[in-house]
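Reminder, nothing fancy here: chain letters follow the sequence lines and each chain counts from 1.
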2 protein chains.
Amino acid sequence: MGRRSDHSRAELEALILETGQNLMEEVGFAHFSAREVAKRIGYTVGTVMRVFGSVDALVVAINSRTFTMWARWLEECLQGAQDGQRIRALVKGYFDFASQRRNLWSAIYEHRVPDRVGIPEHLAEQRSQLMNIVTHEIASVLPNERKDEAERLSRSLVATVHGHCSFALGGSFALMGEADPFDLAMRRVAEILRANGANVD
Amino acid sequence: MGRRSDHSRAELEALILETGQNLMEEVGFAHFSAREVAKRIGYTVGTVMRVFGSVDALVVAINSRTFTMWARWLEECLQGAQDGQRIRALVKGYFDFASQRRNLWSAIYEHRVPDRVGIPEHLAEQRSQLMNIVTHEIASVLPNERKDEAERLSRSLVATVHGHCSFALGGSFALMGEADPFDLAMRRVAEILRANGANVD
DNA sequence: GCGGAAAATTACGCACTGTTCAATTTAAAA
DNA sequence: TTTTAAATTGAACAGTGCGTAATTTTCCGC
């Protein structure tokens, strides 16, 4: 069992977060539990509650961590992408992350944050990393006179890709007989970008 | 308590479905339960289980019913729409339905259908009504030589609107500082349609 | 009126949940 | 070494849920 000297407060926090994220990926949001996290790190439920205050707060923290993970993933996708294919790499990265970390990805959207919990500033910032990466790429393909629209357009593009990804993983597309959701998403992104004056091939 | 002669099998099925849908709207997917449905119709759990087999099957049926409701809603939106504003009415209808029947709408996407349950043919058909309405409208604004693309394009447009709607109701847009999600969705739809040769204003 | 069949109830078994808190253990300060 | 304060435990609380099987009730045809 966990002893006071085994981990500092910060270590414990990190341990719970990492283990919690692993559990989330394994069992999904619906079967996630603080008790199981505690069991896995060799502590008891009380300790988890003391560190994070509530299960909801823990889930918020885990999901924020997932955003960071996702952002890093996208950055790697961008590094391996040749010029003129960077937007494509981003969309592909979005789809691939969601597919390969299915439960982590859905937990972000399945968890309804109670008002009393909220999202602390430092975690909200983690979540914004992803948008920053996208906005940066979008800005770079927009003409100078429209770069100020990059932020709003990026939100919309991410929502577009999200919608396609959501239908793909949720089975809606399959039910409709759609065989290539990624192709669909990519077409839309290209069309939208062109319509907004971007030069994409 | 429910008596054998109070309701025929079909009546009972309809009663459970309607009451279940009301409950779903009230408490949301996470707090939905077959027991509560039974209590509300004056029967007990066993009866609900006998009629639908499992909670998952009941939820599948409720969600299919929601699709039908949604389709009717869109049809009404279309009736009250003037020419040249029909696509807009559709997008608005999508947003409004989701907003006003929030829990019904999310239940569709929150419920992961277990493999052993599946979606029976007659329910899958109910779900396709909505797409048919959209496809019909999209086809009517596409040039003749591209009408065969209407179906696939419609899927993609619905996914696009869904993504925006999902971000709007889930709070993602609010976190990003987005004030007008519908405007965003509408712009994208118009851009995509134009890019595909549709004549829209 | 009676018997059989279907319907509905009842009462379980079982496996969980988050949250709280008194009691205990532990580490560190005095 | 003793005191002190924090960390940790573990049990209690107050629920929740699904699914099922034995039992009772109801209804219909005879």
Salt bridge check, Arg101(B) against Glu25(B): does any charged N sit closer than 4.0 Å to a carboxylate O?
no
Contacts satisfying ring-ring contact (aromatic ring centres under 6.0 Å, His included) that involve residues 180-201 of chain B (not counting sequence neighbours) are Phe95(B)-Phe182(B)
Is the number of heavy atoms from other residues, nucleotides or ligands within 6.0 Å of CD (Gln129(A)) greater than 12?
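Counting other residues, nucleotides and ligands, CD of Gln129(A) exceeds 12 neighbours.
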Check this for me: Glu13(A), atom CD, are more than 12 non-hydrogen atoms of other residues, nucleotides or ligands nearer than 6.0 Å?
yes
Once you round it to whole Å, what is the distance between [atom2] of [N] and [atom1] of [X]?
{"X": "Glu11(A)", "N": "dT8(D)", "atom1": "CD", "atom2": "C1'", "answer": "17 Å"}
{"X": "Phe52(B)", "N": "dT20(D)", "atom1": "CZ", "atom2": "P", "answer": "17 Å"}
{"X": "Lys39(A)", "N": "dG10(D)", "atom1": "NZ", "atom2": "C1'", "answer": "14 Å"}
{"X": "Tyr43(A)", "N": "dT8(D)", "atom1": "OH", "atom2": "C1'", "answer": "9 Å"}

Which residues pass the ring pair (Phe, Tyr, Trp, His ring centres under 6.0 Å) test with Tyr94(A), sequence neighbours left out?
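Tyr94(A): ring pair (Phe, Tyr, Trp, His ring centres under 6.0 Å) contacts with Trp70(A).
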Counterpart residues, ring pair (Phe, Tyr, Trp, His ring centres under 6.0 Å), relative to Tyr109(B) (two or more places apart):
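So Tyr109(B) forms a ring pair (Phe, Tyr, Trp, His ring centres under 6.0 Å) with Trp105(B), His162(B).
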Do Leu153(B) and Arg187(A) have side chains that approach each other closer than 4.5 Å (heavy atoms only, starting at C-beta)?
no
Contacts satisfying side-chain hydrogen bond (donor to acceptor under 3.5 Å, both in side chains) that involve residues 72-86 of chain B (not counting sequence neighbours) are Arg86(B)-Glu137(B)
Using a 4.0 Å heavy-atom cut-off, write out nucleotides 12-19 of chain C from 5' to 3' as B (base contacted by protein), S (sugar-phosphate only) or - (no contact).
B----SBB
Check every strand shown and say whether Arg50(A) touches a base, only sugar-phosphate, or nothing at a heavy-atom separation below 4.0 Å.
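It contacts base atoms.
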Sub-4.0 Å heavy-atom contacts from residues 58-66 of chain B onto DNA chain D, ordered by number:
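Listed by number, there are none.
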